[in-house]
Amino acid sequence: SRKRAGDAERGFPKKPRVEAKTDRTRWRMKDDDSRHTWHYLADDKAVEDWPQSYAEKYYMNLPLHLPALPRAETPLAAAKNGLSFFEKLQLPSGHWGCEYGGPMFLLPGIVITWYVTKTPIPSAYATEIKNYLAARAHPEDGGWGLHIEGESTAFGTSLNYTALRLVGVDPEDPMMVKARGTLHKLGGAVNAPHWAKFWLAVLGVMDWDIVNPVPPEIWLLPDWVPIAPWRWWIHIRQVFLPMGYLYSKRWSCEETDMIRGLREELFIQPHAEINWAGHRNSIAAAENYHPKSWLLNSANWFLVNIWNPYLRPNFIKEKAEAWVSKLVDMEDANTDYADLAPVNAPMNTLVCYIRDGPDAFSVKRHVERLEEFLWIKDEGMLCNGTNGVQCWDTAFLIQAVFESGLEDDEQWRPMLLRALHYLERQQIRDNCEDQERCYRQPRKGGWPFSNRDQGYGVSDCISEALKAIILLQKVGGLPEVVEDQRIFDAVDTLLLYQNDNGALSSYEARRGGEYMEMLNAAEVFGRIMVEYDYPECTTAGVTALSLFNKHWPDYRSKEIKSFIKRATNWIKSNQRPDGSWYGSWGICFTYATMFALESMASIGETYSNSKISKAGCDFLISKQRQDGGWSESYKACETMQYHEHPTGSLLVQTAWALIGLMEADYPDVEPLKKGIKLIMSRQQANGEWLQEAIEGVFNKSCMISYPNYKFTFTLKALGLFAQRHPDIKVGV
Ligand code: LAN
């Protein structure tokens, strides 16, 4: 107890109180123009003054008491029912929100950051974090994987066990005993990958000697060097940056009772006897998805044994740390401390904490903005993969309304107007200050995936938002709140994304080759080091610019035509021998094939006149199941081979396949009818569809949820069918 008093004196807050559960009717989400934060109202009066919205109830799976709608006899009626449900979930600022969970390595970074920065964790958070992790523990072994559907790993289990302890769960709680057993079977935390070792070193549970090098010096390389970090994929760049600072400082939290406890719990060996340096490369076999290359291993050996101890001059260390610290500041300034994603956000928070001190504005603002990654659902509190899916989902919903021909229906005009104003406000209006210095590509006129604060344009997010706005203003006749010049800004920015081979990448045009994977140090992810060519992003660019060109035939028309030609040629070249395309952001061949077929259709190539389009359709048709649905599993992303999901046909997969087929004008309507029927048969009486398997992916191995896809893409599939075959009845 003396020791405990010591921890308190040094400013560590009291252990949070972990209850069995919170009262779900007391949670509220502040929209704040899509800066989502969740609040637990302890006070009865506050509860009365701020009634729970449909959306909040829906996120928490509380009863909505919506009346049953007239039974849908046709696909269009089903689309209308679906829309009337989804409209109720539109948030006050005009967008749609959702949980964006899946990855299981994000929340621990935030919890560890709270702990080491001595940020008190409210009891309601602690309670719901415990509940979420309990709900998502592997049903058999009690561990956690890389993502919610994955097998238990040392990565997921060591970090989430740690998070649970830090929010106040007792080590003798049966859930903890079980998880610990699984972690020990996996060899203990020394077998966890690089990023887990990093976090546990920050926490002071591991020694920094176990962490493979993250040299900040690499940021001093001149730009012409083929491996210079400005060429890396933005997510790796922005993670390596603060990580390098912390690695260089070898900063660890001061020792506490909690940390002493974890040192005993996370390992199979006695802590004092662990040969830290000897475990730098230890990793449980099953999670070594991308084994380190000989080149990286040699570089690491050199850095650890020669450079760091003997060669590294102090002035280089200081110069590197200063430059990295400056780049961290630029990232914070460009995002108002929101940061790119919940990996670099807590790390940047720590850089500010150890550099600026606990009371600095930078730290306070960071800690405040970390809240925006958290989400509450019926299972508890989780960390989203980004600060939301706002612009992305909103753009798709708008497009689905137009695909269904419902845009003129008075019933949906107010919803569309709110959505238009939302996208208008989220357009990025300026480039980053000193953009060349911080290696950023122009972003003016673009749209982000989430919201404008985050401020990273993404090729397909710009495209989908642009399409939505053009449809609303030019086709739907809604007020022109985004004037022409701003549309041109978007087009100018979008055109910069095309790679030399015609394809589009995600956040930036490609700056380095696949050889850079030789430096992939993360072990658990594939295709992470540079931007790649993506059929999904490429298609979005093609369809957006085609639509733009229709309405503004004079603006940069030659470049746009050549862009489209080169992009669609690349799509053709990217088709696999079986007729499919590999998807990087949705699961997997079905998702990418849908996009690729859309690209082909946009240049007039469909089933009847194009071998490419026909092969794509034949591929999809060959995967249709007896009941009319499709059911690709995430295993396909990892193995690059088609895999069926064990639970059978899936709604979103079915919608994607149908959309692809319909875009390609697939001539036989029978398979389409069967698929549509499946979608209709799964619609609930109030118009909604229920959540099924996980939909999205990144870096080949990590899955991520897109819960709004069960609305946006099903609506699009139903709408397309209704428009193309208005006379065909598909009742259920
Ligand atoms: C996303 C989410 C959206 C996604 C699409 C727009 C769907 C895609 O077409 C382009 C890439 C993009 C923007 C994308 C990139 C990687 C993200 C940001 C994520 C999958 C969400 C989470 C993920 C991010 C990398 C998670 C943090 C993990 C690291 C390895 C740093």
Side-chain angles (χ1 to χ4, degrees), residues 98-110 146-147 155 193-196 198-199 232-243 289-290 331 338-348 373 383-396 446-451 454-465 497 503-508 520-529 531-541 544 583-588 591-592 594-595 634 637 656 694-706 708-709 712-713:
C98 63
E99 82 146 298
Y100 192 38
M104 289 303 283
F105 60 97
L106 301 172
L107 185 65
I110 292 186
L146 178 62
H147 58 88
F155 192 18
H194 190 213
W195 291 10
F198 164 84
W199 278 120
W232 302 353
W233 188 44
I234 188 73
H235 278 283
I236 285 310
R237 220 153 87 210
Q238 296 294 24
V239 169
F240 224 81
L241 193 72
M243 229 186 201
Y289 182 75
H290 184 105
E331 159 77 347
D339 293 343
L340 175 59
V343 185
N344 81 326
M347 292 180 189
N348 280 14
F373 295 116
C383 177
N384 281 344
T386 55
N387 60 337
V389 194
Q390 299 88 325
C391 286
W392 183 248
D393 280 336
T394 303
F396 277 119
W447 277 271
F449 177 69
S450 55
N451 61 14
Q454 189 257 9
Y456 278 88
V458 184
S459 64
D460 54 356
C461 303
I462 300 174
S463 304
E464 300 301 347
Y497 277 87
L504 268 67
S505 304
S506 59
Y507 293 80
E508 293 165 332
N520 179 342
E523 300 162 319
V524 293
F525 304 115
R527 302 226 296 177
I528 197 174
M529 291 303 292
E531 285 279 7
Y532 288 92
D533 305 321
Y534 303 116
E536 303 97 305
C537 299
T538 309
T539 298
S584 295
W585 308 112
I587 297 170
C588 172
Y591 182 70
M594 163 183 73
F595 280 106
Y634 76 81
C637 308
W656 286 343
I694 200 156
E695 303 87 351
V697 61
F698 58 91
N699 304 136
K700 290 180 84 175
S701 57
C702 192
M703 305 306 134
I704 187 157
S705 310
Y706 286 83
N708 285 335
Y709 283 0
T712 52
F713 285 102

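Whatever order the structure lists ligands and atoms in, that order sets their numbers, starting from 1.
Residues satisfying the side-chain contact (heavy atoms from CB on, under 4.5 Å) test with Cys461, not counting sequence neighbours, are Trp392, Phe449, Val458. By the side-chain contact (heavy atoms from CB on, under 4.5 Å) test, His290 is found to be paired with Glu517, Asn520, residues two or more places apart in sequence or in another chain being considered. Considering only residues two or more places apart in sequence or on other chains, Ser463 meets the side-chain contact (heavy atoms from CB on, under 4.5 Å) condition with Leu494, Ala540, Ala544.
Inspection of the Ser506 and Glu531 side chains reveals an N or O donor paired with an N or O acceptor under 3.5 Å.
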Between ligand 1 and the protein, tabulate every N or O atom pair separated by less than 3.5 Å, reporting distance only.
| from | atom 1 | to | atom 2 | distance (Å) |
| --- | --- | --- | --- | --- |
| ligand 1 | 9 (O) | Asp460 | OD2 | 2.3 |

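The side-chain heavy atoms of Glu331 and Asn344, taken from C-beta on, include a pair separated by under 4.5 Å.
A salt bridge links Arg237 with Glu508: the closest approach of a Lys/Arg side-chain nitrogen to an acidic carboxylate oxygen falls below 4.0 angstrom.
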